[in-house]
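This report refers to the structure that appears directly beneath it.
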Amino acid sequence: MMDFNFTGLSNLSAPTEEISVKVLILGSGPAGLAAALYAARADLEPVVLTGMELGGQVSLTHAVENYPGFPEGVGGNELVELFQKQAEKFGARIEFDTAVEVDLSQRPFRVKTYNVTYLAESLIITTGATPRHLDVPGEKALTGRGVSYCATCDGWFFKDKDIIVVGGGDSAVEEGLFLTRYAKSVTLVHRRDNLRAGQILQNQAKANQKMKFIWNSVVTEIIGKDSVEAIRVKDIPSEKEYVQPINGVFIFIGYSPNTQLFEGQLELDDKGYIKIGIQMKTNIPGVFAAGEVADPYYRQVITSAGMGAAAAIQASHFLYKV
Ligand SMILES: Cc1cc2nc3c(=O)[nH]c(=O)nc-3n(C[C@H](O)[C@H](O)[C@H](O)COP(=O)(O)OP(=O)(O)OC[C@H]3O[C@@H](n4cnc5c(N)ncnc54)[C@H](O)[C@@H]3O)c2cc1C
């Protein structure tokens with residue numbers, strides 16, 4: 001998955017062209033594309049900035065089985081392509097560009113991208129969230145060489161290998177179970193002595209012959225020259241460390257919302273998520289937020305898309321004053 005780091009981008013030469021839009025949508029995940037569909041059907045001619053990840057997180061997953069309307073399931077990429085097609089059919093414009101600077105102090109809101117500056121009467125922020133890192137030695141250097149944050153993307157590379165999954169929540173267990181399709185063994189390292197994942201997932205994991213558990217432990221180093229060869233594990237109660245040979249490390253320890261751009265301008269909660277009310281309104285009139293950028297709870301395609309639709313309806317009320 002892409003890592004969004006805007007450090008240093010303020011040094012970019014100032015874009016010259018200015019484009020006025022009624023509704024600008026930041027992000028092309030389920031929330032952004034659902035907002036685009038609703039805004040387009042309200043004749044607001046929305047422009048969607050895709051960011052670095054067209055289709056958002058779900059585009060990385062091979063199968064979505066919990067989005068209504070697809071009884072046989074649907075590929076994540078296919079689903080967001082359908083979202084995009086439907087939004088474009090009604091006039092939404094999708095731009096392969098990323099917001100690098102915003103000024104929300106007055107309307108129209110100014111959003112600088114790599115290419116232009118948008119002057120937006122209304123803004124819908126759907127920039128989603130990014131997986132959290134362990135921040136241990138070896139992690140960065142070995143990312144893409146055995147360290148991964150996406151089972152669907154990289155599981156195939158670990159056929160008949162021994163891998164570690166770090167985490168104990170729903171996504172760690174779900175992704176761990178998915179990885180058992182490929183791997184010889186999947187060992188879940190968790191800092192507590194029980195999982196936080198839902199009971200059904202826990203039962204499935206414990207019943208799976210390929211899954212093992214290392215409780216009360218943390219990974220303190222990922223070791224390897226050109227690829228992952230081992231991890232250093234610390235047993236928390238005894239504080240003893242040991243090295244365990246391993247072929248791959250999948251990290252699922254939560255997400256950070258992509259809200260760095262809005263710090264100091266929008267009200268964020270203590271974890272950095274944009275604070276919104278039930279109507280997707282931020283503290284600035286005309287600025288709405290939807291999906292995982294404002295939702296640390298549900299984290300689903302359907303909830304994100306629903307929030308996106310609601311944000312667009314509110315943007316329409318805001319602009320038409322009805
Ligand atoms: C591997 C995996 C499998 C999943 N499986 C399922 C599943 O089966 N069912 C389910 O319901 N959910 C699933 N989810 C969760 C689901 O993908 C998310 O809940 C959903 O994608 C969130 O949508 P979003 O639009 O809020 O944000 P995201 O999908 O995170 O999209 C954020 C968008 O913002 C863009 N962006 C970021 N910064 C900028 C910027 N500065 N300027 C412009 N654009 C920007 C990104 O490029 C991206 O397009 C899965 C997630 C993962 C990672």
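Because the structure is a prediction, the values reported are computed rather than measured.
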Quick one: [atom1] on [X] to [atom2] on [Y], what's the gap to the nearest 0.5 Å?
X	Y	atom1	atom2	value
N258	M52	CG	CE	11.0 Å
T98	E53	OG1	CD	11.0 Å
L33	S304	CG	OG	11.5 Å
N208	T180	CG	OG1	4.0 Å
K240	S217	NZ	OG	12.5 Å
D295	M280	CG	CE	9.0 Å

In one Ile/Leu/Val/Met/Phe/Trp/Tyr side-chain cluster, 4.5 Å: [X], [Y]:
X	Y	value
I164	I253	yes
I313	I284	no
F83	F90	no
V165	F157	yes
L49	L37	no

* Would you sort out whether T259 and Y273 count as a side-chain contact (heavy atoms from CB on, under 4.5 Å), showing the intermediate values? => CA-CA 7 Å; T259 51; Y273 289 85; 6.0 Å; no
Min side-chain heavy-atom separation [X]-[Y] under 4.5 Å:
X	Y	answer
L44	S316	yes
L177	L179	no
Y118	L26	no
I125	V287	yes
E121	R107	yes
L195	W215	yes
I276	M307	yes
H133	Y149	yes

* Should the pair F178 and Y182 be assigned to parallel (<30°), tilted (30 to 60°) or perpendicular (>60°) ring geometry? -> perpendicular
Compare every heavy atom of [Y] with every heavy atom of [X], then report the nearest pair and how far apart it is.
X	Y	result
S59	N77	CB-OD1, 3.6 Å
A36	V48	CB-CG2, 3.5 Å
L188	A172	CD1-O, 4.2 Å
A151	E175	CB-OE1, 3.0 Å
Q314	F288	CB-CE2, 3.4 Å
A42	Y320	O-OH, 2.8 Å

Please answer whether the main-chain N or O of [Y] pairs with a side-chain N or O of [X] as donor and acceptor at a distance below 3.5 Å.
X	Y	answer
N247	D162	yes
Q265	L104	yes
S122	G286	yes
S185	K210	no
R232	Y242	no
E17	V116	no

* Asked: Can you find a side-chain donor-acceptor pair between N203 and Q199 that sits under 3.5 Å?
  -> yes
* With no hydrogens and no angle check, do the side chains of S105 and D103 hold a donor and an acceptor under 3.5 Å apart? -> yes
* Starting from the C-alpha separation in whole Å, work towards a yes-or-no answer on side-chain contact (heavy atoms from CB on, under 4.5 Å) for Q84 and L54. => CA-CA 10 Å; Q84 179 181 343; L54 174 61; 3.9 Å; yes
* **Audit row: R110, L119, side-chain contact (heavy atoms from CB on, under 4.5 Å) steps and yes/no** => CA-CA 5 Å; R110 296 177 75 85; L119 307 179; 3.4 Å; yes
* Show the numbers, then the answer: is there a side-chain contact (heavy atoms from CB on, under 4.5 Å) between E221 and E241? => CA-CA 10 Å; E221 185 181 355; E241 293 201 344; over 6 Å; no
Got more than 12 heavy atoms from elsewhere within 6.0 Å of [atom1], [X]?
X	atom1	value
Y297	OH	no
F262	CZ	yes
Y298	OH	no
K281	NZ	no
K206	NZ	yes
R145	CZ	no

* Asked: By salt bridge (Lys or Arg N to Asp or Glu O under 4.0 Å), which residues pair with E45, not counting sequence neighbours?
  -> K22
